[in-house]
Amino acid sequence: MAGVDEAIRVRYAPSPTGALHLGGARTALFNYLFARQKHGQFLLRIEDTDRARFKPDSQASIEEGLHWLGMNWDEPAMIQSQRKEIYAEAASVLLELGAAYRCFCTPQRLEQMRAEQRARHEPERYDRRCRSIPRAESDRRAAGGERFVVRQAIPIDGTTTFHDLVMGTVTFRNDTLDDHVLLKSDGFPTYHLAFAVDDHAMAISHIIRGEGWLPSAPKHLLLFQAFNWLPPAFAHLPLVLGPDKKPLAKRHGAKDVLEYRDAGYLPEAVDNFIAFLGWSPGTTEDILTVEELISKFSIEKIQPSPAMANLERLDWLNGQFIRRLSTDELAARLASRMPGASPEALAPLVPLVRERLRTLNEAPEMLRFFFDEPDAYRPEQLTPKGRDGAAAATALNSAASTLSELPGWTPQTIEPALRALAERIGWSSKDLFMVLRVAITGRTVTPPLIESMSRLGKDRVLARLERAASALADPLRR
RNA sequence: GGCCCGUUCGUCUAGCUGGUCCAGGACGCUGCCCUCUCAAGGCAGAAAUCAGCGGUUCGAAUCCGCUACGGGCUACCA
């Protein structure tokens, strides 16, 4: 096991079969937080030894997702498909050590064997028929061109135990472990072999990975022992479940983290959200920056039970992080999703929407009336209960003339004038403000009216009031 | 079927070395306050017999065992 003072090196090892989803992102994040806290290295390894499931765009997509979430790896990604000879060499070493053997069984025979085991209600495992083939015969058949795979020779008896940093001490009886394939007949390794060889080659100190790998951990450990390599520490993470309680990784259409980006979520909010899936700092704090996550993270505090992703909490968190952004920062982020609106133009409007946003994507609609004229007015929205259209039109015109005579154009001058007007015409300020709100923005739900008017500008406000008044007077003319 | 892991409010969780937990915080929900709408914010509230059953102990959510339920793995997939 790695000592406290030894270099901490961890890796995230996705297979390029799809996008980076929340569960994978969390695994990567835990590795990343751990590496950064310990001033170690965070590495990336692409496990692309399965040519059948390989998807060409997957690696780029996963890397983009990691970068978006703020995770950078410290060395070029290791690509397993480029290391075929190294695995073959490792397999022959294992053959030499007697820790592995060639298996010449055909897929048909294996299938038949399993069918018989099923019929007898026995565990489906390789029956080790080829394990007893003498080495000389095995070498001769291989040299003769016969197809074979290399299988791990699991010890016949005894147990394999290791201490998992999350799950605790786990013990497996060796006789329940299968002699799994290490090297396929196409020369590519299976994940068992590749894991051991690469984690050793990369000098990985801690393997932090999903719970799904727990059952194969003893085989990996046995491989390290066979090579006489110092094994890394293990930490198996509990599953992340979707709202349907199905494991995220297996859910059909598990969401790509980039979809969260496109939906207007902040990477810092997503990081914070996934960090709390199965982990907590042990305090009542619930909003932490990535820097705080790095300093407070600890593997010991990871829960062993699965966590279900509560997306409503993500929404809330996102709002919290949006509110913590400076005006310029928020303006810049909004500008990237609002073509035609510059950060400079947006900056004065940011205070109007900051505490109303749950996602960045809600801003364009909230701010639309600053950039576009309202659509056709709906007379009923311009008319308070108990009043008629004519009265509303009169109120709008009065407001327009009152405002036009205002000496200045600030919230401090606009608001008292309108409250006085409401008093004068005998309306509640609520009613007056709502009519003005609809006239000026075209909507009943908007950022604060007075502030919005002040930023919209006197001319545009007056024009909209007049347009609304005439729409009421003659709906057809609008 | 076999092996392995798990089980505290609807959800995320605090609780790690047993008493201060008739279980705390957060999201969501309900009500009130604030208020020009909507939010945000503040306050209050409902919500977990700590999966069940036994055991250890003066005392258990916390330790042990069993059961139930859930999940993972069981491919020449990762």
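In what follows, chains carry the letters A, B, and so on, assigned in the order in which the sequence lines appear, proteins first and then strands, with residues in each chain numbered from 1.
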Short side-chain N/O contact to [N] OP1/OP2 from [X], under 4.0 Å:
X	N	result
A:Gln303	B:A14	yes
A:Gln108	B:C76	no
A:Lys301	B:G15	yes
A:Thr284	B:A26	no
A:Arg151	B:C76	yes
A:Lys219	B:C3	no
A:Lys430	B:U35	no
A:Arg313	B:A26	no
A:Thr283	B:G25	no

A:Arg437/A:Glu451 ion pair, N-O < 4.0 Å:
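No, this pair does not count.
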
| message | Strictly below 4.0 Å, N to O, side chains only: are A:Arg419 and A:Glu423 in salt-bridge contact? | response |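 Result for this pair is no, no salt bridge flagged.
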
By the 4.0 Å heavy-atom rule, please label A:Pro16 as base, sugar-phosphate, or nothing.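 Result for A:Pro16 = nothing.
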
**Request:** Classify the nucleic acid contact of A:Thr444 as base, sugar-phosphate or nothing, counting any heavy atom under 4.0 Å across all strands shown.
**Result:**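 Base, at least one base atom sits under 4.0 Å.
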
[N] pairs with, by Watson-Crick or G-U criteria that keep both distances under 3.5 Å:
N	result
B:C77	none
B:G28	none
B:A47	none
B:G6	B:C69

When you get a sec, tell me which of [options] is the closest nucleotide to the side chain of [X]?
X	options	result
A:Arg53	B:A40, B:C36, B:C77	B:C77
A:Thr49	B:A78, B:U37, B:G1	B:A78
A:Glu312	B:C3, B:C27, B:C5	B:C27

message: Any donor-acceptor pair under 3.5 Å linking the side-chain atoms of A:Asn318 with those of A:Thr359?
response: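 No, A:Asn318 and A:Thr359 have no side-chain donor paired with an acceptor closer than 3.5 Å.
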
Row check, A:Tyr101 ring normal vs A:Arg151 NZ/CZ: under 6.0 Å, within 45°
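No cation-pi geometry.
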
Mind checking whether A:His220 and A:Phe195 have parallel, tilted or perpendicular rings, split at 30° and 60°?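 Tilted: the ring planes of A:His220 and A:Phe195 meet at 30° to 60°.
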
- Got a sec, which residues hit side-chain hydrogen bond (donor to acceptor under 3.5 Å, both in side chains) with A:Thr327, two or more places apart in sequence or on another chain?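 If we apply the side-chain hydrogen bond (donor to acceptor under 3.5 Å, both in side chains) test to A:Thr327, skipping adjacent residues, the hits are A:Arg354.
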
Inset, instruction - For RNA chain B, find the residues of residues 346-358 of chain A with a heavy-atom distance under 4.0 Å and give them by number; none if there aren't any. - result: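 RNA chain B contact set from residues 346-358 of chain A: A:Glu355, A:Arg356, A:Arg358.
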
Rounded off to whole Å, could you give me the CD-to-C1' distance for the A:Glu124 and B:C3 pair?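 Distance check: A:Glu124 CD to B:C3 C1' gives 13 Å.
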
Just how far, in rounded Å, is C1' of B:U11 from CG of A:Leu314?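 The answer, rounded to whole Å, is 13 Å.
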
May I have all residue pairs that pass side chain to side chain donor-acceptor pair (under 3.5 Å) and include part of residues 273-284 of chain A, sequence neighbours excluded?
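Passing the test, one end in residues 273-284 of chain A: A:Thr283-A:Glu285.
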
task: Sticking with atom P, work out how far B:A40 lies from B:U17, rounded to a whole angstrom.
output: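 Here B:A40 and B:U17 have their P atoms 39 Å from each other.
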
